[in-house]
Number of protein chains: 2
Amino acid sequence: MSAIAVSTEETILEAARKVFMQKGFAAARMCEIAKIAGINQALLHYYFRSKDRLFEVIFAQQSQNFYANIISILHSDVPFFEKLRMMIAKEIEKISSAPYLPMFILNEMHSNPERMQCNGSVDRNTHFFKTFSELVEKEYEAGRIRKVCPQQLFLSIMGITMFPFLAQPMIKMALEIDGKSFEQLMQERAEHASELIIRSLQV
Amino acid sequence: MSAIAVSTEETILEAARKVFMQKGFAAARMCEIAKIAGINQALLHYYFRSKDRLFEVIFAQQSQNFYANIISILHSDVPFFEKLRMMIAKEIEKISSAPYLPMFILNEMHSNPERMQCNGSVDRNTHFFKTFSELVEKEYEAGRIRKVCPQQLFLSIMGITMFPFLAQPMIKMALEIDGKSFEQLMQERAEHASELIIRSLQV
DNA sequence: GTCTATAATTTGATAGAC
DNA sequence: GTCTATCAAATTATAGAC
């Protein structure tokens, strides 16, 4: 139980995460996961009954990660625009440390919609939008932003923060930049994105 | 050669397009393509040598579709803001008629980056950005928009238009809407997106 | 718990008749 | 060109020894 020694189960999960996130369920190979984990394939099945089960564990974990608490920011006691800034910055920071996450989640949802019901991600998701929506309405009524459809605004904020990571290969190509420059661009992104959204809301 | 009778080759391509676009390369099955095309698997291999080759044809076609000429709009003789409106509207209209296209292209690029070099998509892509970038600079120098990084703006416009389609399953869930409502939302999207972008650029 | 060896299944691809 | 039947390879899953 030392801090260094990791259990076999965790080693497997770590390897599975890598492979599934990079290749997706269908293209992922159990033998590759075993190899990366430094064990053999039989042991994989000993711990997790099948490829499906192993994937479900990973997907549930990552899904939780994906929807992780940005919502607390919306409840914090700062002006609306400041909330937007914090939300966008936090989201970009989160994704930067796991750039494959959005593509992994969205692609699996797309190619296998049944998996969506798993764990409370649905609820967390709708709750987040509802909270956001109420805030927008309140700001409009207080005359602090122009009239705007909360759903559309929600999509715009999400798109502005997540799209660059979803389209990373295409972006690098279009902008003729390498991985280093891309990271740099993403570090400057929160500022640009907040500015854009907030300006667009001014009355 | 009647208008009704389609060649076997086209029937296969149509079936392959459906299956590859929905499932991606790895999860797509040759037998499913054959079944949808109403033929047997052997005939698939008679027309297209292998799964890889068949996929390459589909990917090249769709890739061309994906990058299809929005660029002419940038060269047209209308004010910059009008160009943005037209560009966004055209892009959304295009994707609406093929909602799986962005996810298909971006996901395959992500899981198999080598495929990018195919056909002149790289050039078309960089050329588009360069044209866009020059326009932005010119507008700034003329004092008609505020100072803004063209790369960041480019990402924002792309994200605002394409993200809802990439995240369609998640969006429906978060907003608690069905397919019909989603389509409705997308029809109203061009107006919202243009407004948002243009307002954010005002000096 | 972990391994080697192997079974079972899926799936892309081919042979050969018509 | 199109089919049926079948192969070959890849890949998931299990049996059984240690």
Side-chain angles (χ1 to χ4, degrees), chain A residues 1-62 104 107-108 111-112 114-115 118, chain B residues 1-62 104 107-108 111-112 114-115 118:
Chain A
M1 282 283 186
S2 82
I4 299 164
V6 231
S7 70
T8 304
E9 187 171 327
E10 281 178 84
T11 312
I12 293 174
L13 283 173
E14 173 61 13
R17 192 188 55 74
K18 274 186 198 153
V19 177
F20 280 134
M21 296 259 294
Q22 193 182 65
K23 309 247 176 114
F25 176 79
R29 295 288 165 252
M30 291 297 267
C31 61
E32 190 184 355
I33 294 174
K35 196 178 160 196
I36 291 178
I39 56 161
N40 61 67
Q41 224 167 316
L43 208 54
L44 271 186
H45 286 84
Y46 173 79
Y47 278 92
F48 305 86
R49 193 174 166 69
S50 67
K51 185 183 178 185
D52 272 278
R53 298 248 193 158
L54 179 53
F55 182 81
E56 271 167 33
V57 175
I58 300 294
F59 187 77
Q61 279 181 0
Q62 296 303 315
F104 173 69
N107 184 48
E108 292 299 338
S111 60
N112 197 346
E114 305 84 64
R115 243 187 281 274
C118 91
Chain B
M1 282 280 185
S2 80
I4 298 164
V6 230
S7 71
T8 304
E9 188 171 328
E10 281 179 85
T11 311
I12 292 175
L13 284 173
E14 173 61 13
R17 192 188 54 74
K18 274 185 197 155
V19 176
F20 279 134
M21 296 260 291
Q22 192 182 64
K23 309 250 177 109
F25 176 79
R29 295 290 164 251
M30 292 297 267
C31 61
E32 190 184 355
I33 295 174
K35 195 178 159 195
I36 291 178
I39 56 162
N40 61 65
Q41 222 168 318
L43 207 54
L44 271 185
H45 286 83
Y46 173 79
Y47 277 93
F48 305 87
R49 193 175 166 70
S50 68
K51 185 183 179 184
D52 272 277
R53 298 248 192 156
L54 179 54
F55 182 81
E56 271 166 34
V57 175
I58 299 296
F59 188 78
Q61 280 182 1
Q62 296 302 315
F104 174 69
N107 185 48
E108 293 301 337
S111 60
N112 198 346
E114 307 84 64
R115 243 187 280 274
C118 91

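To find a chain, count down the sequence lines: A is the first, B the second, and so on, and within it residues start at 1. As a basis for the values below, the full set of heavy atoms in this structure was taken, side chains included, without hydrogen atoms, waters or symmetry mates.
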Pairwise distance [atom1]([X]) to [atom2]([Y]) - rounded to 0.5 angstrom:
X: B:Tyr46; Y: B:Thr8; atom1: OH; atom2: OG1; value: 10.0 Å
X: B:Thr11; Y: B:Ile36; atom1: OG1; atom2: CD1; value: 12.5 Å
X: B:Asn112; Y: A:Lys23; atom1: CG; atom2: NZ; value: 10.0 Å
X: A:Arg29; Y: A:Gln41; atom1: CZ; atom2: CD; value: 10.5 Å
X: A:Met30; Y: A:Phe55; atom1: CE; atom2: CZ; value: 12.0 Å

For [X] and [N], what is the distance between atoms [atom1] and [atom2] respectively, to the nearest whole Å?
X: A:Gln41; N: D:dT11; atom1: CD; atom2: P; result: 10 Å
X: A:Leu54; N: D:dT11; atom1: CG; atom2: P; result: 17 Å
X: A:Arg53; N: D:dA13; atom1: CZ; atom2: P; result: 11 Å
X: B:Tyr46; N: D:dT4; atom1: OH; atom2: P; result: 17 Å
X: B:Asn40; N: D:dT6; atom1: CG; atom2: C1'; result: 13 Å
X: A:Ile12; N: D:dT12; atom1: CD1; atom2: C1'; result: 15 Å

Please list, in numerical order, the residues of residues 19-35 of chain B that have a heavy atom closer than 4.0 Å to any atom of DNA chain C. B:Ala28, B:Arg29, B:Met30

Take the angle between the ring planes of B:Phe25 and B:Phe20 and call it parallel below 30°, perpendicular above 60°, tilted in between. parallel

Which pair of non-hydrogen atoms, one from A:Leu13 and one from A:Ile58, has the smallest distance, and what is that distance? O-CD1, 3.5 Å

With a 4.0 Å cut-off (strictly under) to non-hydrogen atoms of chain A, the first and last hit nts on DNA chain C, 5' to 3', are C:dG1 to C:dT4

The test is salt bridge (Lys or Arg N to Asp or Glu O under 4.0 Å); show your working for B:Glu14 and B:Arg17 and say whether it passes. CA-CA 5 Å; B:Glu14 173 61 13; B:Arg17 192 188 54 74; 2.9 Å; yes

